[in-house]
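These figures come from a predicted structure and were not determined experimentally.
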Amino acid sequence: MRRKGSISIYLAIVFLSIVLLVCTIAEAARISAVQSKDKAITTMAADSVIAGYAKQVYDDYGILLVWNKDNLDETISKYIQANIKMADIEVSGNDFLMSDLQEVSVNKKVYATDNGGDAFVKQVSEYLKYAGLTSAIDKLMSNSKEVKEDDLSQDVADELTDKSYDNLSHLVEEIDLLIKDISNNNELSRFNKNVSELIEGKSEKWKKADKKVIKEVYKNLEKLKKYVLEKESNINKAINKIDSYLEKKSNLLKKNGYDKSAKDYMDENLSVLKKIKDKIEKMKTFEFASSISGNPNETKNAETFINFSMQFEELCRDLQVAKITEKDKQNKSIFDSAKDFLDKGILSLVIKDTSNLSTASVNTSSLPSHTSMSKSLESSSLYDKAAVGVYSNLYFGNYIDAKKKNALKYGLEYLVAGKDSDKSNLSSVVTRLVAVRHVPNYICIMKDAAKQSEIEAIAASIAAVTGLPFLEPIAKAILIECWVLAESANDVKILLNGEKLSIVKTEANWRTSLKNLGGNSNKGDSSGFKYEIYLGLLLTLTDRDKAVYRTMDLIQMNICKNYNKEFRMNKGLMSFKSTVSFESAPLFTAMPWAIGMLNESGSYKFEMECNNGY
């Protein structure tokens, strides 16, 4: 009996060991399968996110991005849950590979507008490679080396489109922002109030050197001093900008025949800011000891400092910013009409009938170039601009080939100028083309002995008739500039007529005469470039980030116009990195070596990482 009992116990131990071994092997295999399944589910969810690209953007512009209103982690969770539950498929029996989603954490998201639009430019470059247009990029980059904008020509153009008012207006906006920051002193008011109450409400304790009260007073005084000193930088900026404003205003008034000493609220702001700066200089001299005895001198020192601070706060209240009245709006309307008149005047140099120009305009406040511009991390500036130029020529219109379905019919002109209307963009492009053509035209006229002789003869006649010899070189310079400008305007007229124009100007293809600066020859050159190529060359002279973001502007405004008015490029996801956490309860056994994988609820926990994008 004793032997039989021993055998039974031995067999039971052996059987139990075998069962544990089998369960452990089964659990190990199950956990490995669960992890593989979870990894597949995560990958499929990430792929599903990327598969939900904005179809209209891809169909119209060949750009892949995800755009929806849901949070990315919620979208990934939705796809994972659908895969875990097998969607609508009914499955009978037990699922030995069941696991539960715990958390989705998105570690990195790259949108189209991030990092100077690097991801966007990368897609554009890949698209152009696929379309076999890399040679067009190289050609545009090569020709861009021969194109320059001349400062002299730009000065003349600025005289035709006087930007003085615009520049002054922008300067006032910058000053007003600084003034608003300086005047925003809620925190200063709180400090002043706290310290005043401590000094006045607890004066007896203060006089008796109550260390707790004194410590609290000086703690607030240090904070107050630090706060005031932090304002100093913007105060100095505001003073410098107001000085610049007053100088430009005086010059502008003098130029237009007005009283240059006329004062406005900026003069008063300058006076107040100088007083504020004086208060800061005085407050800098105050030092607060770490150990306070509370003697009358220290009390007086603290009270004097808080009085300066209150005076600082009071002076800040005297600062003024521009306040728009109905009269101001009326004047603004008059000013806009004046600018529009100037625009028409410029275009009339190259376009006979400006009434047929596109009147399309857009609100630029929500566009990427105004809301999301940042610096590129890895850009090749010239290549990026050339790639954007070639790409944009495929999808956006211009003056010669307008796109009627687009928000702006002259999209390529917008890339160069960035204005809010087709007419303004075209006017700016005409101005810049005149500036570009000034270089070869000026070189040509200076080398042409016959033209120089003609100019010198007329200049000498002017000096003789007026009896002012010193006018001769001035007259000569003016005649040269006028003739070059006339030839440049005629060149642009040729481009806008759809003709080719050589970059190099020679005596053979010079078309205007000094006696007839308007010119009458609109026939182009046999070789050279057409208008859209010159637009691409202008784009290579534009800031890289502006060129990239304005391209995204055009895509956004066109998608908004034709499909979804809520679409935003800065919400267009191009790639992401996420971590997904799962848990699965033990089924056969809790494996000894996997105890570390168990969480507080006794379930196995896994983390899966995925990177995905276009």
Review point. Taking everything shown except Lys577 itself, do over 12 heavy atoms lie less than 6.0 Å from its NZ?
Key: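 No, not enclosed.
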Could you check whether any side-chain heavy atom of [X] comes within less than 4.5 Å of a side-chain heavy atom of [Y], counting everything from C-beta outward?
X	Y	result
Asn393	Leu412	yes
Leu128	Leu394	yes
Asn570	Pro368	no
Leu415	Thr542	no
Thr42	Glu609	no
Leu426	Asp422	no
Tyr391	Ile63	yes
Phe567	Val57	yes

Measuring from [X]:[atom1] to [Y]:[atom2], what's the distance to the nearest 0.5 Å?
X	Y	atom1	atom2	answer
Lys241	Ile179	NZ	CD1	12.0 Å
Leu229	Ile280	CG	CD1	7.0 Å
Lys546	Lys385	NZ	NZ	11.0 Å
Asp553	Leu408	CG	CG	9.5 Å
Leu319	Asn184	CG	CG	12.0 Å
Leu65	Met569	CG	CE	5.5 Å

With no hydrogens and no angle check, just 3.5 Å: does a side-chain donor-acceptor pair link [X] and [Y]?
X	Y	answer
Ser361	Asp420	no
Arg437	Tyr534	yes
Asn107	Thr579	yes
Tyr61	Asn558	yes

**Study point:** Stepwise side-chain contact (heavy atoms from CB on, under 4.5 Å) test for Arg550 and Ser392
**Key:** CA-CA 10 Å; Arg550 286 171 184 171; Ser392 299; over 6 Å; no
Review point. Side chain of Gln123, backbone of Leu64: donor and acceptor closer than 3.5 Å?
Key: yes
Smallest separation among heavy atoms of [X] and [Y], with atom names:
X	Y	value
Val110	Ala119	CG1-CB, 4.1 Å
Ala547	Leu539	CB-CD1, 3.9 Å
Val66	Gly52	CG1-O, 3.9 Å
Leu495	Phe529	CD2-O, 3.6 Å
Asp545	Ser376	OD1-N, 4.1 Å

**Study point:** Worked verdict on Tyr58 versus Tyr127 for ring pair (Phe, Tyr, Trp, His ring centres under 6.0 Å)
**Key:** CA-CA 11 Å; Tyr58 179 72; Tyr127 179 83; 8.4 Å; no
Practice item. Start with the C-alpha distance between Val121 and Arg544, add both sets of side-chain angles, then the distance that settles side-chain contact (heavy atoms from CB on, under 4.5 Å), and finish with yes or no. Key: CA-CA 11 Å; Val121 173; Arg544 179 264 182 200; 3.6 Å; yes
Exercise for review: For Asn612 and Asp47, run side-chain contact (heavy atoms from CB on, under 4.5 Å): C-alpha distance rounded to whole Å, both residues' side-chain angles, the deciding distance at 0.1 Å, then the answer.
Suggested key: CA-CA 7 Å; Asn612 216 329; Asp47 289 342; 2.7 Å; yes
**Study point:** Stepwise side-chain contact (heavy atoms from CB on, under 4.5 Å) test for Tyr53 and Tyr614
**Key:** CA-CA 10 Å; Tyr53 62 89; Tyr614 302 111; 3.3 Å; yes
Review point. Going by the side-chain hydrogen bond (donor to acceptor under 3.5 Å, both in side chains) test, which pairs reach into residues 396-411, not counting sequence neighbours?
Key: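 Pairs touching residues 396-411 that pass the test: none.
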